[in-house]
A.B. asks: 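I'd like to ask some things about the structure below.
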2 protein chains.
Amino acid sequence: MGKVSTRQHIIERADQLFYERGFEATSFADIAQAVGISRGNFYHHFKKKDDLLDAVVERRMANTRMMLDQWASAFPEPKDRIRAFIQILIVNQAKIMAHGCPVGTLCAELAKLEHVAQNSARQIFGLFRDWLAEQFRSLGRTQGAEALALHLLGRSQGVTALAMAFRDPAFVETEVAALERWLDSIDQPALPQDQPS
Amino acid sequence: MGKVSTRQHIIERADQLFYERGFEATSFADIAQAVGISRGNFYHHFKKKDDLLDAVVERRMANTRMMLDQWASAFPEPKDRIRAFIQILIVNQAKIMAHGCPVGTLCAELAKLEHVAQNSARQIFGLFRDWLAEQFRSLGRTQGAEALALHLLGRSQGVTALAMAFRDPAFVETEVAALERWLDSIDQPALPQDQPS
DNA sequence: GCTAAATTAGGACGCTCGACCTATTTCGGC
DNA sequence: GCCGAAATAGGTCGAGCGTCCTAATTTAGC
């Protein structure tokens with residue numbers, strides 16, 4: 001039936017704990033206890049803690065891709081798709097105020113540890129950046145699409161950082177409203193009849 | 001004599017290492033080695049690691065106050081003061097790309113550890129918020145001064161987050177330029193006549 | 001149904017950590 | 001110059017960590 005493999009179960013719980021407590025602060029014993037298996041069993045699935053981290057990052061990549069695809073199929077309009085991205089700040093507001101952005105905080109931690117996996121973690125941001133850039137391109141902003149994507153990504157990261165520090169729901173809502181106004185104000189240039197290069 | 005007390009020396013090095021490597025990842029042995037003292041000597045100055053963290057946060061608070069005061073005395077115009085804040089992103093660009101914002105990353109780490117000192121760390125953000133709000137008030141924005149301050153603080157945090165992840169100097173410079181344009185666009189309402197002062 | 005492989009359990013290791021302790025040295029007030 | 005306090009050095013302890021190991025159990029192929 002709904003039996004998920006132990007390996008998958010480990011990855012899911014590790015994903016959650018890495019998010020809530022951080023990578024270094026989460027021990028194998030913590031995860032084993034959360035999954036309900038022995039510590040020894042652990043090492044049959046993941047020899048090194050870094051292997052587990054790789055699997056978690058891979059899972060987050062896959063989940064992110066799924067989410068982006070889902071938005072793309074749910075919303076035909078690029079602006080609605082971008083709005084869905086902005087709305088994560090509201091949908092996950094409680095978690096964000098408690099533990100920040102899963103991607104941003106992981107990248108920050110790995111950067112401080114000078115961990116090899118920080119390149120992989122950065123790629124999750126890359127997924128959002130590229131997807132957002134594509135939406136802005138669909139809006140006709142073929143020129144600075146990537147800059148717009150990075151701008152929005154950065155704004156979103158800033159909201160999560162202060163949300164975590166101040167834990168003020170009103171701030172999050174104010175900033176989300178500002179982001180949506182910013183999005184609305186983006187001009188959707190009429191397509192020129194011929195491309196004057 | 002430039003002789004600084006051992007205690008002060010410890011705090012300075014700990015401040016630096018907490019920033020570069022993170023609080024938990026920095027051990028007493030690391031700091032002792034950096035200072036050039038024995039581990040035993042350490043415990044004469046700080047009984048608990050949390051005591052040292054408190055001292056580091058206090059130091060950062062004091063340094064922040066000094067920096068803000070310095071800006072206030074160097075720039076009579078509120079907009080120039082705010083511009084000085086924005087320019088930290090350029091002045092500390094290299095450090096920020098390597099280790100992020102000292103305040104933001106510390107708050108994030110302490111939040112994940114559910115550490116008692118996260119309230120103290122948050123106060124450093126509070127210093128910036130209040131100081132920025134005062135500048136916006138001086139600009140005539142008495143109404144939404146704090147919201148403007150938090151907006152700017154958040155924008156700055158977002159830049160540091162992506163700067164750390166992507167390590168792209170061009171992104172930082174683009175966003176700083178955007179922030180300065182945003183600042184310039186803030187309307188400075190004409191003072192009403194009945195404001196003699 | 002047998003057997004080899006996959007899975008699980010749990011102990012053991014070497015190490016590092018924060019914390020504590022006891023000596024020894026340095027220093028300042030009188 | 002004496003002496004008590006401050007400062008420094010370095011050892012030790014228990015706990016927790018990632019890692020590894022061996023043994024028991026379950027599973028799957030033929």
Side-chain angles (χ1 to χ4, degrees), chain A residues 1-58 106 109-110 112-118 120-121, chain B residues 1-58 106 109-110 112-118 120-121:
Chain A
M1 288 302 297
K3 171 68 168 59
V4 288
S5 71
T6 303
R7 182 188 161 88
Q8 202 60 26
H9 199 177
I10 291 172
I11 297 174
E12 287 170 14
R13 288 297 198 174
D15 189 351
Q16 178 189 356
L17 288 173
F18 287 176
Y19 173 42
E20 293 175 357
R21 308 183 191 175
F23 169 65
E24 275 256 317
T26 302
S27 72
F28 274 13
D30 291 335
I31 305 168
Q33 189 181 17
V35 175
I37 61 172
S38 66
R39 299 180 333 281
N41 188 7
F42 219 107
Y43 280 85
H44 178 258
H45 296 283
F46 300 96
K47 320 265 188 211
K48 311 254 172 188
K49 200 182 181 188
D50 289 357
D51 296 344
L52 176 56
L53 177 59
D54 289 341
V56 167
V57 170
E58 204 174 336
L106 180 65
E109 182 178 1
L110 296 184
K112 299 229 174 195
L113 296 174
E114 302 189 57
H115 197 286
V116 285
Q118 61 184 301
S120 315
Chain B
M1 291 292 293
K3 172 67 169 61
V4 288
S5 71
T6 302
R7 182 188 160 88
Q8 202 59 26
H9 200 177
I10 291 172
I11 296 175
E12 286 170 16
R13 289 296 199 174
D15 189 351
Q16 178 189 356
L17 289 172
F18 286 176
Y19 173 43
E20 293 174 356
R21 308 183 190 176
F23 169 66
E24 276 256 316
T26 302
S27 71
F28 275 13
D30 292 334
I31 304 168
Q33 190 181 16
V35 176
I37 60 172
S38 66
R39 300 180 330 282
N41 188 7
F42 220 107
Y43 280 87
H44 179 258
H45 297 283
F46 300 97
K47 320 264 188 211
K48 311 254 174 189
K49 200 183 181 187
D50 289 357
D51 296 343
L52 175 57
L53 177 60
D54 289 342
V56 167
V57 170
E58 204 174 335
L106 180 64
E109 183 177 2
L110 296 184
K112 299 229 173 194
L113 297 174
E114 301 190 56
H115 197 284
V116 285
Q118 62 184 297
S120 315

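Lettering follows sequence order; numbering is per chain, from 1.
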A.B. asks: Show your reasoning for whether side chain to side chain contact (heavy atoms under 4.5 Å, CB included) applies to B:I31 and B:L52.
C.D. replies: CA-CA 11 Å; B:I31 304 168; B:L52 175 57; 3.6 Å; yes
A.B. asks: Taking only residues two or more places apart in sequence, or in another chain, which ones meet A:F28 in a ring pair (Phe, Tyr, Trp, His ring centres under 6.0 Å)?
C.D. replies: A:F42, A:Y43
A.B. asks: Between residues 32-43 of chain B and DNA chain D, which residues have a heavy-atom gap below 4.0 Å?
C.D. replies: B:I37, B:S38, B:R39, B:G40, B:N41
A.B. asks: According to the salt bridge (Lys or Arg N to Asp or Glu O under 4.0 Å) rule, which pairs have a member within residues 43-56 of chain A, sequence neighbours left out?
C.D. replies: none
A.B. asks: Going by salt bridge (charged side-chain N to carboxylate O under 4.0 Å, His left out), name the residues that satisfy it together with B:D30, two or more places apart in sequence or in a different chain.
C.D. replies: B:R21
A.B. asks: Enumerate the residue pairs fulfilling salt bridge (Lys or Arg N to Asp or Glu O under 4.0 Å) with a member in residues 31-43 of chain A, sequence neighbours excluded, ordered by first and then second residue.
C.D. replies: none
A.B. asks: Which of residues 9-26 of chain B sit near DNA chain C, with a heavy atom under 4.0 Å from it?
C.D. replies: B:T26
A.B. asks: How long is the line joining CD1 of A:I31 and P of D:dC17, in whole Å?
C.D. replies: 11 Å
A.B. asks: Quick check for you: to the nearest 0.5 Å, what is the distance between B:L53 atom CG and B:I11 atom CD1?
C.D. replies: 11.5 Å
A.B. asks: Which residues pass the ring pair (Phe, Tyr, Trp, His ring centres under 6.0 Å) test with A:F23, not counting sequence neighbours?
C.D. replies: A:F18, A:H115
A.B. asks: Roughly, in whole Å, what's the span from NE2 in A:H44 to P in C:dA5?
C.D. replies: 12 Å
A.B. asks: Enumerate the residue pairs fulfilling side-chain hydrogen bond (donor to acceptor under 3.5 Å, both in side chains) with a member in residues 7-16 of chain B, sequence neighbours excluded, ordered by first and then second residue.
C.D. replies: B:R13-B:Q16, B:D15-B:R59, B:D15-B:R60, B:Q16-B:E20
A.B. asks: Tell me every residue that passes side chain to side chain contact (heavy atoms under 4.5 Å, CB included) with B:A121, counting only those two or more places apart in sequence or in another chain.
C.D. replies: B:L106, B:C107, B:L110
A.B. asks: Within this structure, what is the CZ-to-C1' distance between B:F46 and D:dA7, rounded to whole angstrom?
C.D. replies: 14 Å
A.B. asks: How many whole angstroms separate atom NE2 of A:H45 from atom C1' of D:dC20?
C.D. replies: 16 Å
A.B. asks: Check this one for me: any side-chain N or O of B:T6 less than 4.0 Å away from OP1 or OP2 of D:dT8?
C.D. replies: yes
A.B. asks: Check each residue of residues 47-57 of chain A for a non-hydrogen atom within less than 4.0 Å of any atom in DNA chain C, then write out the ones that pass by number, or none.
C.D. replies: none
A.B. asks: Tell me, please, which residues at least two apart from A:Q118 pass side chain to side chain donor-acceptor pair (under 3.5 Å).
C.D. replies: B:R167
A.B. asks: Given atom NE2 of A:H115 and atom P of D:dG18, what is their separation to the nearest angstrom?
C.D. replies: 12 Å
A.B. asks: Using 0.5 Å steps for rounding, measure from the CD1 atom of A:I37 to the NE2 atom of A:H44.
C.D. replies: 11.0 Å
